[in-house]
**Q** 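I have a structure here, written as structure tokens, and I will follow up with some questions on it.
One-based numbering, in listed order, for ligands and for the atoms of each. All residue numbers in this chain count up from 1 along the given sequence.
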Amino acid sequence: MNHDDLNHWSKRAADWATEYHRTLRERPVRPAAEPGAVAAELPAAAPEAPESPEEIFADFERLVPGAMTHWQHPRFFAYFPANASPASMWAEQLANAMSAQCMLWQTSPAATEIEGVMVRWLAAALGLPGRFTGTIHDSATTATLSAVLTMRDRATDWDASRKGLFGGPPLRVYASSQAHSSVDKAVGLSGIGRDNLVKVETDADFAMTGRALKEAVSADRAAGLVPAGVVLCVGGTSIGATDRLAECLEVAKDEGLPTHVDAAWAGSAMICPEFRGIWAGVEEADSIVFNPHKWLGVQFDCSVQFLADPGPQVRTLGMRPDYLETPEHGDIVNYNEWTVPLGRRFRALKIWFTLRAHGLEGLRARIRNHVAWTEELCGIIRTMDDFEIVTEPRLALFTFAHRGGDEATAALLEKINSDGRVYLTQTRHQGRFVIRMTAGAFDCAREDVMSVAEVLREFA
Ligand SMILES: *Cc1c(COP(=O)(O)O)cnc(C)c1O
């Protein structure tokens with residue numbers, strides 16, 4: 001295959017993509033795939049001789065789309081969305097054509113500079129003060145890992161990266177029991193150890209309070225342990241819980257502890273001023289992560305971390321071997337020093353295209369619809385005899401259960417997902433098996449959300 005073939009087959013791929021999106025509603029959201037079925041169709045080893053694009057494309061069409069869960073399906077209500085605007089997919093094609101490795105300004109001047117501007121545009125769009133800079137990661141997990149590694153290094157006077165964590169008293173990181181598992185993973189990977197992630201008790205609204213945080217930190221100090229930082233949750237994955245940010249950030253400041261806010265999903269909704277109350281006080285945080293790939297329409301993967309001061313993170317993660325030295329002077333940024341991997345994709349381009357092609361007003365309208373439709377659906381399910389709303393809508397997420405108990409709820413979920421018209425997933429809340437409902441697909445319409453009630457009526 002050469003570049004002339006690429007031209008032809010890219011156009012074929014674009015035609016395929018248009019048709020795919022146009023007919024997505026006709027497909028089941030989740031395929032009826034049997035484990036191992038696709039692998040069994042593939043030869044045992046790579047071909048020795050080149051094969052034709054015709055054969056390759058035919059196998060793609062035969063094997064892949066029918067065995068994929070369709071994340072861009074308008075009735076995808078599982079997990080959190082990973083929604084992709086048409087503009088972001090278009091940008092991704094161009095980034096793909098250049099396939100640049102954006103580790104240094106010199107290896108990618110435009111990508112680096114657009115990244116800086118996009119982070120500032122997004123900070124302003126979310127209502128954050130102009131002093132925030134930041135960077136783009138692949139995922140919130142990586143951003144949170146970067147923040148926790150920085151907490152570790154700060155707490156050890158920058159010794160941990162060089163000497164390791166031997167000998168000193170245990171470091172402690174604080175988060176609520178609603179925090180995402182990526183926080184546990186980050187604390188484990190950092191060498192602090194998952195047992196030293198303190199899951200602070202939450203209040204009746206499943207929020208960590210300043211008082212509970214203060215008590216946990218004081219108890220640790222009294223026991224000779226070393227508090228290293230606080231991770232706060234805004235729109236937790238399970239039920240959308242949000243910590244009391246202003247109080248907790250004040251306590252952290254009093255205690256001299258760095259803070260990281262995980263708003264991976266809910267952060268996108270902060271482009272709507274009326275939702276910003278849930279993270280009031282956030283401007284005092286040191287680090288904030290949100291995933292434009294979840295709810296803002298920027299094609300996966302794209303996670304933005306805002307930093308009040310990038311200095312400590314760059315000091316923790318930045319490496320400058322001889323072979324990465326470049327001759328520029330002046331005001332340039334080498335973003336690899338802000339992130340865990342050296343290699344970096346050109347993710348800023350799809351943010352730029354999305355913000356321009358859809359406009360903040362277009363993106364706000366979508367999120368407002370998702371929230372309103374989710375509330376409307378919740379109201380309908382509340383009136384159905386067989387169901388109970390377990391947690392109320394927080395932005396576009398609520399949970400419910402069958403009144404018959406965990407087994408009935410789990411059986412119902414399996415039935416719904418095998419049917420394929422909609423796709424929902426579960427969580428455990430206070431020991432109960434509950435179904436999560438969250439609307440957020442880019443092309444989701446009101447009828448798509450309301451179709452959940454229809455399916456529930458049929459299967460209850
Ligand atoms: C989805 C999610 C994450 C993990 O996101 P990745 O980008 O997949 O690593 C972390 N925290 C919260 C609150 C999330 O919803």
Side-chain angles (χ1 to χ4, degrees), residues 69 71 76-84 88 122 126 134-149 173-190 194 197 199-200 202 206-208 230-243 245 248 259-270 275 278-279 282 285 287-306 339-341 344-345 347 350-351 367 370 374 391 393-399 424-429 436-441:
T69 297
W71 281 75
F76 183 103
F77 305 123
Y79 306 101
F80 278 135
N83 65 27
S88 71
L122 285 172
L126 269 55
T135 190
I136 307 176
H137 299 267
D138 55 353
S139 66
T141 299
T142 314
T144 296
L145 175 61
S146 305
V148 169
L149 291 171
V173 174
Y174 306 84
S176 94
S177 51
Q178 293 290 324
H180 188 267
S181 60
S182 56
V183 181
D184 301 67
K185 186 184 263 189
V187 173
L189 289 174
S190 71
R194 293 215 294 264
L197 174 61
K199 294 287 176 75
V200 178
T202 55
F206 310 102
M208 174 159 72
V230 183
V231 180
L232 295 157
C233 168
V234 173
T237 312
S238 193
I239 62 156
T242 296
D243 294 331
L245 244 58
C248 292
T259 50
H260 171 68
V261 173
D262 178 3
W265 164 67
S268 293
M270 302 302 118
F275 298 138
I278 68 166
W279 78 351
V282 69
S287 165
I288 304 163
V289 65
F290 93 107
N291 286 356
H293 77 231
K294 270 190 173 152
W295 203 6
L296 206 61
V298 180
Q299 189 260 11
F300 180 83
D301 52 4
C302 185
S303 183
V304 170
Q305 182 190 18
F306 300 111
T339 56
V340 174
R344 316 180 69 253
R345 300 190 334 103
R347 298 190 181 89
K350 57 195 177 184
I351 301 179
I367 286 173
H370 297 155
T374 304
T391 61
R394 289 171 164 85
L395 298 172
L397 169 66
F398 69 92
T399 64
L424 299 160
T425 47
Q426 78 293 329
T427 189
R428 271 201 182 271
H429 182 67
R436 294 169 73 258
M437 164 66 208
T438 181

**Q** Short N/O distance, under 3.5 Å, between N291 and ligand 1?
**A** yes

**Q** Provide, to 0.1 Å, the distance between atom 9 (O) of ligand 1 and the closest protein heavy atom, together with that atom's residue and name.
**A** T141 OG1, 2.5 Å

**Q** Do S287 and Q305 have side-chain atoms, one donor and one acceptor, less than 3.5 Å apart?
**A** yes

**Q** Please determine whether any non-hydrogen atom of S182 lies less than 4.0 Å from an atom of ligand 1.
**A** yes

**Q** Look at atom 8 (O) of ligand 1 and say which protein heavy atom is nearest, naming residue and atom and giving the distance to 0.1 Å.
**A** S139 CB, 4.4 Å

**Q** If we set the cut-off at 4.0 Å for heavy atoms, which region of F80 has an atom near ligand 1: side chain, backbone, both, or neither?
**A** side chain

**Q** Take atom CZ of R428 as the centre, draw a 6.0 Å sphere, and report whether it contains more than 12 heavy atoms from other residues, nucleotides or ligands.
**A** yes

**Q** How are the rings of H370 and W295 set relative to one another: parallel (under 30°), tilted (30 to 60°) or perpendicular (over 60°)?
**A** parallel

**Q** List the closest protein heavy-atom neighbour of atom 4 (C) of ligand 1: residue, atom name, distance to the nearest 0.1 Å.
**A** H180 CE1, 3.5 Å

**Q** Identify the two heavy atoms, one from F80 and one from W71, that lie closest to each other, and give their separation to 0.1 Å.
**A** O-CZ3, 3.3 Å

**Q** Is a salt bridge present between R345 and D138, judged by a nitrogen-to-oxygen distance below 4.0 Å?
**A** no

**Q** Does a sphere of radius 6.0 Å around NZ in K185 hold more than 12 heavy atoms from other residues, nucleotides or ligands, not counting ones at 6.0 Å or beyond?
**A** no

**Q** Minimum distance, heavy atoms only, to atom 11 (N) of ligand 1: which one of D262, D301, L397, T144 is it?
**A** D262

**Q** Which residue and atom name correspond to the protein heavy atom nearest atom 1 (C) of ligand 1, and how close is it?
**A** K294 NZ, 1.4 Å

